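Below is one structure, written out as structure tokens; comments come after it.
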Amino acid sequence: MGRRRALFLMGSLGTFLRYPDDVYPLLKMKRAIEKAEKQIPPEPHWGFCYSMLHKVSRSFSLVIQQLGTDLRNAVCVFYLVLRALDTVEDDTSIPTDEKLPILIAFHRHIYDTDWHYSCKSEESFNLFDLSHPFGILLCDLQILLNPTLGGTKEYKVLMDQFHHVAAAFLELEKGYQEAIEEITKRMGAGMAKFICQEVETVDDYDEYCHYVAGLVGLGLSKLFLASGSEVLLPDWEQISNSMGYFFRYNNSKTNIIRDYLEDINEIPKSRMFWPRKIWGKYADKLEDLKYEENSTKAVHCLNEMVTNALTHIEDCLKYMAALRDPSIFRFCAIPQIMAIGTLALCYNNVQVFRGVVKLRRGLTAKVIDRTKTMADVYGAFHDFSCMLKTKVDKNDPNASMTLNRLEAVQKVCRDTGVLHKRKSYINDKGRSYNVYIVMLVILLAIVFAYLRAN
């Protein structure tokens, strides 16, 4: 099967043996994804939207299934519109004088079923030959454990066939359309502003994140209100903005921190979203942080960025605690838990400057499987904040500030009195499962894949 395939299979088996309690949630998630794929609407425009949603974000396409049909359709379109807008902003090969008018007018393009735009595509690759008897199983393992492998040029397809998204948008109820149009207009204008302006101060950073992430939180709140399922708190704009800052599926502070290396290595031009006011304390140039000789300062800078993101947690918890609809609650809670988990993984981790840092796929599956109540959310935030706290180095220049933020989060969680009511998936004792059962499951999967191929 080749050296790369063999190494991948060994790594996959090693992961399953190290975390045997991941197997069942992973299998459940795989079945849920397959079920969602079979429920794609027959209409061409809706079929395109849900197929594209599955390709650009498997986990989001699964979480969105929690919602009722009308709201689910609105959120699907909202996500794809903003994903298309983000694709234009991210494409550094588009000249500025061409990019700015597209961003500013994007809210009008969603009404035009003839509009589309061709961006550069991502090269696709696949490690495995699906004609091989074991290729199907290996591909399944590949996707389950690392869904970023094997791109499918999905962003190019989204932009080339954006007319399908516009057609779906035009079928939404008026309240949904108005919310999506307003947020798209504000976001496009904000993106255009920062195409021409560097992120210098922390206030600049917050403003940029408001445009590209906070507005997502505000938009979702407007969609929830339009659905009639939720009411808004008096301070809904502030806490919705914080939800967006933290949200896991867009250019949130979480993703901006995690994606440092990808952004700084962007061709033909780097994308730089970290504020100079922070990184300037540690390097002359932001790109200097990726070099090994600057590792200590790079990690200190990273830790300050994570500490900045932690300031939004209490607003996020307040927002989720106020939700009334169970499906909307799960839709919001799952990505928030994944966000705090990602920050805990990134904190004090030099690998952020070396490669990809992301939650283990099995842990993601457990978050999706086990997040049902606010007790689960408080427990997860408490667990991940404890995990992060153990990584704080007293010699870090921001250690006291980080610890203060974490202790405040832990106090909020403890004061609810519900931490004992759920199972921890951070300190899970399920590793005592018999590894032979896991081996049997894998063996049966291989046999099944062989029979299906023949």
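Remember, predicted model here, so these are calculated numbers, not experimental data. As a basis for the values below, the full set of heavy atoms in this structure was taken, side chains included, without hydrogen atoms, waters or symmetry mates.
Put simply, the side chain of R186 does not reach to within 4.5 Å of the side chain of H107, judged on heavy atoms. Using a 4.5 Å cut-off on side-chain heavy atoms (C-beta onward), Q65 and R72 make contact. Put simply, the side chain of L71 reaches to within 4.5 Å of the side chain of L223, judged on heavy atoms. Between E182 and K222 the shortest side-chain heavy-atom distance falls below 4.5 Å.
Exactly one residue among F353, W274, Y260 makes a side chain to side chain contact (heavy atoms under 4.5 Å, CB included) with C301. That residue is W274. For the side-chain hydrogen bond (donor to acceptor under 3.5 Å, both in side chains) with R271, the lone residue among D90, D259, N265, T92 that qualifies is D90.
Less than 6.0 angstrom separates the ring centroid of H312 from the ring centroid of Y245. Note: F194 and Y205 fail the aromatic proximity criterion, with ring centroids not under 6.0 Å apart. Close placement of the F106 and F162 rings is indicated, their centers lying within 6.0 Å of each other.
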Would you sort out whether L85 and E89 count as a side-chain contact (heavy atoms from CB on, under 4.5 Å), showing the intermediate values?
-> CA-CA 6 Å; L85 184 63; E89 185 211 18; over 6 Å; no
Dump the intermediate steps for side-chain contact (heavy atoms from CB on, under 4.5 Å) on M29 and D369, then the final yes or no.
-> CA-CA 8 Å; M29 186 169 71; D369 184 46; over 6 Å; no
Dump the intermediate steps for side-chain contact (heavy atoms from CB on, under 4.5 Å) on Y319 and S240, then the final yes or no.
-> CA-CA 7 Å; Y319 184 100; S240 296; 3.3 Å; yes
Give the C-alpha distance, both sets of side-chain angles, the deciding distance and a yes or no for side-chain contact (heavy atoms from CB on, under 4.5 Å) between V306 and T402.
-> CA-CA 8 Å; V306 172; T402 306; over 6 Å; no
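For D415, the CG atom counts as densely surrounded, since its 6.0 Å shell holds more than 12 non-hydrogen atoms of other residues, nucleotides or ligands.
In this structure, a donor-acceptor pair under 3.5 Å is present between the side chains of Y282 and E304. N241 and H210 form a side-chain donor-acceptor contact under 3.5 Å, judged by distance and modelled atom types alone.
Listed by first and then second residue, the salt bridge (charged side-chain N to carboxylate O under 4.0 Å, His left out) pairs involving residues 318-331 are D235-K318 (not counting sequence neighbours).
Remark: K285 pairs with E287, D288 by the side-chain contact (heavy atoms from CB on, under 4.5 Å) rule, at least two apart or across chains.
With rounding to the nearest 0.5 angstrom, the CZ atom of R405 is 11.0 Å from the OG atom of S385. Between the CD atom of Q351 and the CG atom of L302 there is a distance of 11.5 Å, given to the nearest 0.5 Å.
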